[in-house]
Every structure is written in structure tokens, then in C-alpha cells.
**Q** 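Below you will find the structure I want to go over with you.
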Amino acid sequence: MTTTAEWADADSPLEAFPDNPSGARVGYARVSTKGQLLDRQIAALEAAHCARVFADKKSGKNAEREELWKCLDYLRPGDTLVVPSLDRLGRSIQDLIAIVSGLRKRGIGFQSLHESLDTTTPGGRLVFHVFAALAEFIRELIVQGTHEGLAAARARGERIGRPPAMTEEQVRHARALLTDPENSITSIAKLLGVSRTTIYKYVPELRGGRNSLVSSAPPTTLPAPR
């Protein structure tokens with residue numbers, strides 16, 4: 001994603017791109033399911049004088065939007081990509097900004113009909129600067145909040161990460177069962193609801209043979225899981 005600084009450093013936020021859109025207007029439409037119709041979107045794009053329209057029937061969360069990638073590959077400097085609305089193009093504001101930023105670097109304009117947003121005008125370009133700044137601000141808040149939450153949890157003595165595969169009681173139970181040679185490791189693992197690998201991990205002296213369990217003292221703490 002293009003950061004706020006990169007957008008600000010590139011050129012004036014009021015400078016439209018491209019400044020002289022002399023190429024073709026190319027449309028892109030999308031519906032989320034096969035049962036939905038594209039007719040209304042395509043009609044709006046054709047009314048906006050799009051010479052060609054690409055269309056996907058995919059969820060916005062689906063990264064394999066084949067027609068979108070074909071559309072982006074088809075565009076040339078001076079062209080303008082037109083969509084019925086912003087949510088038809090991007091899966092998120094970050095995704096949207098990344099796509100439009102890529103178009104900008106290639107000298108391709110962008111227009112969203114529903115929001116009346118057009119990067120070939122100064123106002124439209126300014127709106128995208130605001131979008132980029134907002135997305136970067138939200139991302140930094142999420143990262144900061146995550147770090148602060150983890151630090152507070154550590155200060156309270158809370159364990160960070162996944163819970164252990166076996167509790168101390170289960171480890172003690174496993175050790176007791178393993179001292180009886182008639183109890184197989186597989187049966188003990190099934191009884192405790194864990195795998196054989198987990199038994200070996202939490203009872204490491206098993207690697208030296210089961211006889212070593214009789215003389216070994218049980219550890220006071222669990223081995224730290226990875």
C-alpha cells in the first residue's frame with residue numbers, strides 16, 4: 001500500500017492524473033454471486049462512454065478476480081478506469097488505494113460514478129489523498145493498540161500465545177501411566193486427547209526409554225511450547 005508520505009512526496013495533492021486523459025474509458029463491474037445481475041452496472045458504464053467493460057462474478061474478498069487483472073493489464077497510459085462504485089473495485093480501503101496508486105504510476109485515471117470521484121480532476125485527487133492518510137492512520141492505530149495490549153497483558157503476568165497442548169495435571173497423569181509397560185503411548189495419547197508427538201514433547205525423557213521414567217523426578221514446570 002502506498003503510504004501517506006509517499007503520496008505527499010510524489011507531487012501536489014491537487015494535481016490531477018493524468019492531466020490530459022486522451023485515451024480510452026474502460027469499465028469494470030462486479031457482483032458477489034452468480035445469481036446477481038451485472039446489467040445495471042454495465043448499462044451505467046456504457047452510459048459513461050466506456051469503450052470496453054470487464055466484469056467479474058466474484059466476492060470482493062476473493063483474490064482471484066480474473067477480469068479485474070485482465071482489465072488492469074488492458075489499460076494504457078492516458079486511459080481512465082471507470083467503476084460503478086468504489087466497493088466494486090476494492091476489497092478494502094487499503095486494496096482500493098493500492099490499485100488506484102498503481103494506476104497513477106502508470107498515468108491512468110480513475111473514476112467512480114456513484115461517488116462522483118474522478119482523479120482526472122483536482123478535487124478527486126484530493127479525496128484520494130484523504131483516503132490514503134485515513135487508511136495509514138487507522139493501520140498505525142491498530143498496530144499501536146496491539147502492542148499496548150500485549151505489553152499490558154505481559155505486565156499482568158498473562159501468558160501470550162497459544163495455550164499449552166497439555167496441562168500440568170495431564171503431564172503427571174501421562175507419566176504415571178507410562179510407568180506401566182502395558183499402557184502403550186498411543187493409548188495414553190488417545191486417553192488424554194493429544195497426539196503421540198505431544199506426549200514425547202511434554203515427557204522428553206521418553207526419548208531415553210520408558211525405564212528412565214521410573215527413576216526420573218517430574219519437572220515442576222511445563223516445557224515452553226513453541
Side-chain angles (χ1 to χ4, degrees), residues 1-140:
M1 186 189 76
T2 302
T3 65
T4 307
E6 289 172 329
W7 278 73
D9 292 342
D11 45 24
S12 169
L14 292 180
E15 182 182 344
F17 69 92
D19 55 1
N20 183 24
S22 56
R25 293 171 62 80
V26 180
Y28 173 73
R30 179 181 62 79
V31 291
S32 300
T33 64
K34 293 183 179 180
Q36 293 179 312
L37 299 177
L38 286 161
D39 300 14
R40 184 178 298 180
Q41 294 183 44
I42 292 176
L45 293 172
E46 290 177 346
H49 308 292
C50 291
R52 181 168 177 177
V53 174
F54 294 81
D56 270 319
K57 288 190 175 183
K58 295 288 182 84
S59 166
K61 295 181 180 180
N62 192 326
E64 299 303 323
R65 293 169 287 177
E66 292 91 350
E67 291 301 308
L68 173 59
W69 310 137
K70 290 179 183 178
C71 176
L72 296 177
D73 186 61
Y74 177 83
L75 291 162
R76 296 292 180 269
D79 291 349
T80 300
L81 173 63
V82 184
V83 296
S85 60
L86 292 176
D87 63 343
R88 298 301 87 192
L89 179 64
R91 297 171 295 175
S92 64
I93 188 171
Q94 290 88 351
D95 187 37
L96 180 65
I97 291 171
I99 293 174
V100 177
S101 175
L103 294 175
R104 173 177 170 273
K105 292 177 181 178
R106 296 168 56 194
I108 298 169
F110 173 74
Q111 182 180 6
S112 177
L113 301 177
H114 179 72
E115 290 81 7
S116 299
L117 192 154
D118 187 348
T119 64
T120 64
T121 67
R125 176 156 169 74
L126 178 61
V127 168
F128 255 90
H129 265 271
V130 174
F131 278 8
L134 180 60
E136 182 69 9
F137 177 66
I138 292 174
R139 187 193 71 81
E140 290 179 356

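FYI, side chains are in, hydrogens and waters are out, and symmetry mates aren't considered; it's all heavy atoms of this structure.
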**Q** Among residues at least two apart in sequence or on other chains, which ones pass side-chain contact (heavy atoms from CB on, under 4.5 Å) with Ala44?
**A** Leu113

**Q** Mind checking side chain to side chain donor-acceptor pair (under 3.5 Å) for Arg25 and listing every partner two or more places apart, or none if nothing turns up?
**A** Gln111

**Q** Which pair of non-hydrogen atoms, one from Arg88 and one from Tyr28, has the smallest distance, and what is that distance?
**A** O-CE2, 3.3 Å

**Q** Taking only Lys NZ, Arg NE, NH1 and NH2, and the carboxylate oxygens of Asp or Glu, determine whether Arg65 and Asp95 approach each other closer than 4.0 Å.
**A** yes

**Q** Any heavy-atom pair between the side chains of Leu72 and Leu81 that's under 4.5 Å?
**A** yes

**Q** Please confirm whether the backbone N or O of Leu75 pairs with a side-chain atom of Arg106, one donor and one acceptor, at under 3.5 Å?
**A** yes

**Q** So do the side chains of Phe110 and Leu117 get within less than 4.5 Å of each other, counting heavy atoms only?
**A** yes

**Q** Mind checking the CZ-CG spacing from Arg52 to Leu45? Nearest 0.5 Å is all I need.
**A** 13.5 Å

**Q** Run the side-chain contact (heavy atoms from CB on, under 4.5 Å) test against Arg40 and tell me which residues pass, sequence neighbours left out.
**A** none

**Q** Are the side chains of Leu89 and Leu68 in contact, using a 4.5 Å heavy-atom criterion?
**A** yes

**Q** Minimum heavy-atom separation for Ala55 and Leu38, please, with both atom names.
**A** CB-CD1, 3.6 Å

**Q** side-chain contact (heavy atoms from CB on, under 4.5 Å), that's the test. Do Val82 and His49 meet it? Break it down for me.
**A** CA-CA 10 Å; Val82 184; His49 308 292; over 6 Å; no

**Q** Counting only N and O atoms by type, is there a donor-acceptor contact under 3.5 Å from the side chain of Asp79 to the main-chain atoms of Ile108?
**A** no

**Q** Sequence neighbours excluded, which residues qualify as salt bridge (Lys or Arg N to Asp or Glu O under 4.0 Å) partners of Glu115?
**A** none

**Q** Applying side chain to side chain donor-acceptor pair (under 3.5 Å), name anything that partners Ser85, two or more places apart in sequence or on another chain.
**A** Asp87

**Q** Closest heavy-atom contact between Leu86 and Ser112?
**A** N-OG, 3.3 Å

**Q** For Cys71 and Gly27, which heavy atoms make the closest approach, and how far apart are they?
**A** SG-O, 4.2 Å

**Q** Could you give the distance from CD (Gln41) to CZ (Arg30), rounded to the nearest 0.5 Å?
**A** 8.0 Å

